[in-house]
Amino acid sequence: MPVRSVSTDADYLSGLNPEQLEAVMSTDGPLLVLAGAGTGKTRVLTTRLAHILNNRLAYPSQILSVTFTNKAAREMRERVGKTMGEEVEGLPWLGTFHSIAAKILRIHSELVNLKSSFTILDTDDQIRLLKQIIKAAGIDEKRWTARYLAALIDGWKNKGLTPDKLGADDGFAFADGKGIELYKTYQSRLTVLNAVDFGDLLLHNITIFQKHPDVLKRYHERFRYLLVDEYQDTNVAQYLWLRLLAQGSNNVCCVGDDDQSIYGWRGAEVDNILRFEQDFPGAKVIRLERNYRSTEHILGAASGLIAANKDRLGKTLWTEDAGGHKVSVTGVWDGPAEARIIAGEIENWKSKGRSYNDVAILVRASRQMRNFEERFIQLGLPYRVIGGPRFFERAEIRDAHAYLRVLRSDTDDLAFERIVNTPKRGIGATSISKLQQAARSMNVSLEHATRTIIRTDEIRGKARSALRAFLLDVDRWRREAEDTKHTEMAERILDESGYTQMWRDNKDAKSQGRLDNLKELIIAMGEFDTLEAYMEHVSLVLDVESGPQEDEISLMTLHSAKGLEFPLVFLPGWEEGTFPSQRSLDESGMAGLEEERRLAYVGITRAREMAKIYFAANRQVYGSWQSSLPSRFVDELPIQHVDVESEAGQYNPSRITDRVQEDFGRSFARAQDSGRTSPGWQRFQKNKDQRFGRAPKDIEGHAVRRPAKGKVSNYNVGERVFHTKFGYGAVLETDGTKLTVDFEKAGEKMVLDGFVQRASEV
DNA sequence: GACTGAGCCGTCGAC
DNA sequence: CGGCTCAGTC
């Protein structure tokens, strides 16, 4: 291998701080880089890669670098290219855990009885398959749902457990002991379908490595350096996979932050990072603690909060950016008031010449977004929602893919079943279950069984002729596909199958969007030369680029905010039950609470200049109003970094809002001892029983709307009012705090009473 | 086989 | 509240 005259003064190394430099230069042996929020983690990772390449310590093909998301992999690829001056010839083993595992599995698939063309099933396929298995086993599908079994199986796979490794007890988690049997059945169905689920990608790799040392040896020889990003998010299977591969060179570098581990619910084990030094003997640990992102107050508030966690390695972030704004905490009356106040803050920010792109609102649960969206639409503020259902998970895209899968393979039962009656062709559940029964007894695929069965009288009438016509279409498409471009073929199939027509006929507001998505799909396909190439990537690698950058407020969950930063960050909904989420606490107890706290830490540390926290005294949960208490996390913020703002007067003159703030202020002043004894915590303990039950019912069983304040408008029908955006108008109707107003210029609009004034008082 | 309404239940969501 | 599933009806 190459010469080892390692340069320490190359351009790309300049500007690194001592710890970063050490992390880049420590190429030999196991290394854990504990990179706090905003400490230049990505820079270290990419510089380290560039350093290894630049000094010819390894060829690009000898470096394994794994990330969790495609986005992270893409960014790393780009940034290494930039650091190296664009001359890096691809890094073939840079990718997500899953895409690299898939690549390895395609090479050795025969060792686990798969063909290298295996299909990767997503969660939806997985659940549909499990539903069939549960039904076939004669288990009550309502008591034992496919969803629950899928979660169990995923959990086992995340822990690296194949069915034979499970203890007898494990099976009792499902249908009185049938869990393991069902898991086995599921795995053998997958083999028959020549398919794997996401968990299998890693698990099959592990099996192959463990049973075939010769194969593992090949990878040991290949990978001289291993790099892992976001190590705190790895699950046991990923850890095992990594450890097997690292046994070769032992040059494994993991970068992560135990304080930002927020994916426990999908199998991440913080323990992996906490245990690194034991797992990789002789490991070096480097802490990156100098923060380049946030001001002193933001860091102070975040650090103070996270200090309440026990299970952590411990870091002390510092910055040279002294002073700045304190983190603000504001009590508001309810969700709509929170949205109103935050929207006002944003307008104010914008009016000072700053941009909407600088602003993010980070919520715990996506349902909290609604108040904000309503308010933004009302005010005409531009915003984008980040996250949410992803392009390739949408029903119309999955349907289109199912057509393509059928085109490609006559044994893809799940795809066949999905589209055989979509759009409706008159083939109902009865016919489909007949086909399944036939397929099982003949031991052939659904499509084959269908071809046989339509020649019998098992299925008659409309269903039979529809099936026959459908198969003729499929045959024709397959013939045409041989000499037709794949994008054109896709368009033709969607058209001739009646699929696009189905959405055109649909009057739902979303159907136009679905048609647009189908057009985007064709464009995405066009980026690949063949259907095969496209399908290969579709389940793992493809994600849609966000559209052109406009000046918009970002609205997202705390989870999707990890890794991002914004000058101004709003953190609404800091209330017990909402955040920390009651469900996390119920399901995972203290570990759940600590993960919630890390989520809070992630939230605050997204802010560069200002972080603004809000809690509401009343919140509508599943339709009924509940009163709520400030989150214990509010009490845990160190007071010297916090401002309790008294903004009420500026917005919606409400004595109650003032009172909420006073009350909060008092609690806050006394709250600097441990979280468990703080007034907020105690009030919560005292009241939680009544708070988390369902809304009380009156005698007739109607939910009692607990009017938190007399939520009745102060305005009367006919009264003349003024609105800052819409001008003057007359009240047509009142509904609680909502007013329907006929504005003289803007026409009829629904507005909140807090946003209008009496015309006589203007 | 397809449509309609009652009942249920609810985080976060990469690959 | 609202989206989804399932049972009952045409």
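Order of the sequence lines sets the chain letters (A, B, ...), proteins ahead of strands, with each chain counted from 1.
- Note on A:R266: every side-chain N or O is 4.0 Å or more away from OP1 and OP2 of B:dC15.
- Residue A:E587 is in base contact, counting any heavy-atom pair closer than 4.0 Å across all strands shown.
- Toward the 5' end of DNA chain B, the nearer of the two residues A:F198 and A:L599, judged by each one's closest nucleotide, is A:L599.
- Remark: A:N158 engages A:N235 in a side chain to side chain contact (heavy atoms under 4.5 Å, CB included) (not counting sequence neighbours).
- Note on A:T123: every side-chain N or O is 4.0 Å or more away from OP1 and OP2 of B:dG13.
- Annotation for A:K434: atom NZ counts as buried by contact number, over 12 foreign heavy atoms lying within 6.0 Å.
- A:S631 and A:E575 form no side-chain donor-acceptor contact under 3.5 Å, judged by distance and modelled atom types alone.
- Protein atom CH2 of A:W265 is 11 Å distant from nucleotide atom P of B:dT11, rounded to whole Å.
- A:D200 contributes no side-chain N or O that, together with a main-chain N or O of A:L203, makes up a donor-acceptor pair within less than 3.5 Å.
- Summarising the geometry, the separation between OH on A:Y622 and C1' on B:dT11 is reported as 8 Å, rounded to the nearest angstrom.
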Practice item. Could you run through nucleotides 1-7 of chain B and give me one letter per nucleotide, 5' to 3': B if any protein heavy atom sits under 4.0 Å from the base, S if only the sugar-phosphate is that close, - if neither? Key: SSS----
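- A cation-pi arrangement is found for A:K103 relative to A:W93, the charged atom lying closer than 6.0 Å to the ring centre and inside a 45° cone about the ring normal.
- The CD1-C1' distance, from A:I127 to C:dT5, rounds to 14 Å in whole Å.
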